[in-house]
Amino acid sequence: GAGVSQTPSNKVTEKGKYVELRCDPISGHTALYWYRQSLGQGPEFLIYFQGTGAADDSGLPNDRFFAVRPEGSVSTLKIQRTERGDSAVYLCASSAGGTDTQYFGPGTRLTVL
Amino acid sequence: QKEVEQNSGPLSVPEGAIASLNCTYSDRGSQSFFWYRQYSGKSPELIMSIYSNGDKEDGRFTAQLNKASQYVSLLIRDSQPSDSATYLCAGAPPPPAAGNKLTFGGGTRVLVKP
């Protein structure tokens, strides 16, 4: 079956602009996670959704970052007033339940000029 | 201080040899650990999960967990060039934390030479 998909695969934007990154989880998976991976480092947790609600958003670095999952399926990560330090690969993962294996999407490479 | 530590490598091993990777963690309450493989430019792929002290084997891979010493290791037997990748160690928080918010180490780059 289809895996986790993310769009766009690459996003180049200018400092100060607003961006949206989309994640389409595996069908039926109730848990959805966003991570951020900088070059040469491991993924860093941002936010976890169980269904439609954000069960844990402790990893969001500041209030410029926001994520939604209005219907419990697709999720959008929104970044306002982008900064060069936001440049990274944004990974989405989904799992059948909160403690099950996480399957990662291919990621969105964000570059802020 | 990073909560999950790994040697960044590269760990260079000849083809057919055993690759030994280590990971230490600081949260003594963590109970679940995972090894992911990540090829350059690709997303992480789960290789092994381990929850109990001792060894767990799956094909050419063996994961070892020692909660008293707070380390996790991964052995890759009969290493192949296709095993060349970055291996990420991750831990999940103990209950009653919601979900499996993974804390990753920085990864160990493995290079298998023919």
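Remember, predicted model here, so these are calculated numbers, not experimental data. So that the names make sense, note that chain A is the first sequence line, chain B the second, and so on, each numbered from 1.
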Under 4.5 Å to a heavy atom of chain B? For A/S95 that would be neither
Within a strict 4.5 Å, meaning less than it, do heavy atoms of the B/L88 and A/P43 side chains meet? yes
Path from B/L75 to B/L65 over hydrophobic side-chain contacts below 4.5 Å: no
NZ-CZ distance between B/K101 and A/F45, expressed to the nearest 0.5 angstrom: 5.5 Å
Give a yes or no on whether A/F65 atom CZ has more than 12 heavy-atom contacts from other residues, nucleotides or ligands under 6.0 Å away. yes
Linked, directly or transitively: A/I47 and A/Y33 (ILVMFWY side chains, under 4.5 Å): no
Could you see if A/V4 belongs to whatever hydrophobic cluster contains A/W34? Use Ile, Leu, Val, Met, Phe, Trp, Tyr and a side-chain cutoff under 4.5 Å. no
Cluster overlap A/L60 with A/I79, hydrophobic side-chain contacts below 4.5 Å: yes
Contact class of B/F34 relative to chain A, heavy atoms under 4.5 angstrom: neither
Does a sphere of radius 6.0 Å around NZ in A/K17 hold more than 12 heavy atoms from other residues, nucleotides or ligands, not counting ones at 6.0 Å or beyond? no
So, the part of A/E44 with a heavy atom under 4.5 Å from chain B: the answer is neither
Strictly less than 4.5 Å between heavy atoms, which residues of residues 101-113 of chain A line up against chain B? Please order them by number. A/T101, A/Q102, A/F104, A/G105, A/P106
Would you say B/V72 and B/L11 are hydrophobically clustered, going by side-chain heavy atoms of ILVMFWY under 4.5 Å? yes
With a 4.5 angstrom heavy-atom cut-off, which part of B/E45 approaches chain A: side chain, backbone, both or neither? neither
Within-4.5 Å side-chain heavy-atom neighbours: A/V89 and B/S43: no
Test item: A/Y35 side-chain N/O and B/L102 main-chain N/O as donor-acceptor pair under 3.5 Å: yes
Side chain, backbone, both or neither: which part of B/L46 has a non-hydrogen atom closer than 4.5 Å to chain A? side chain
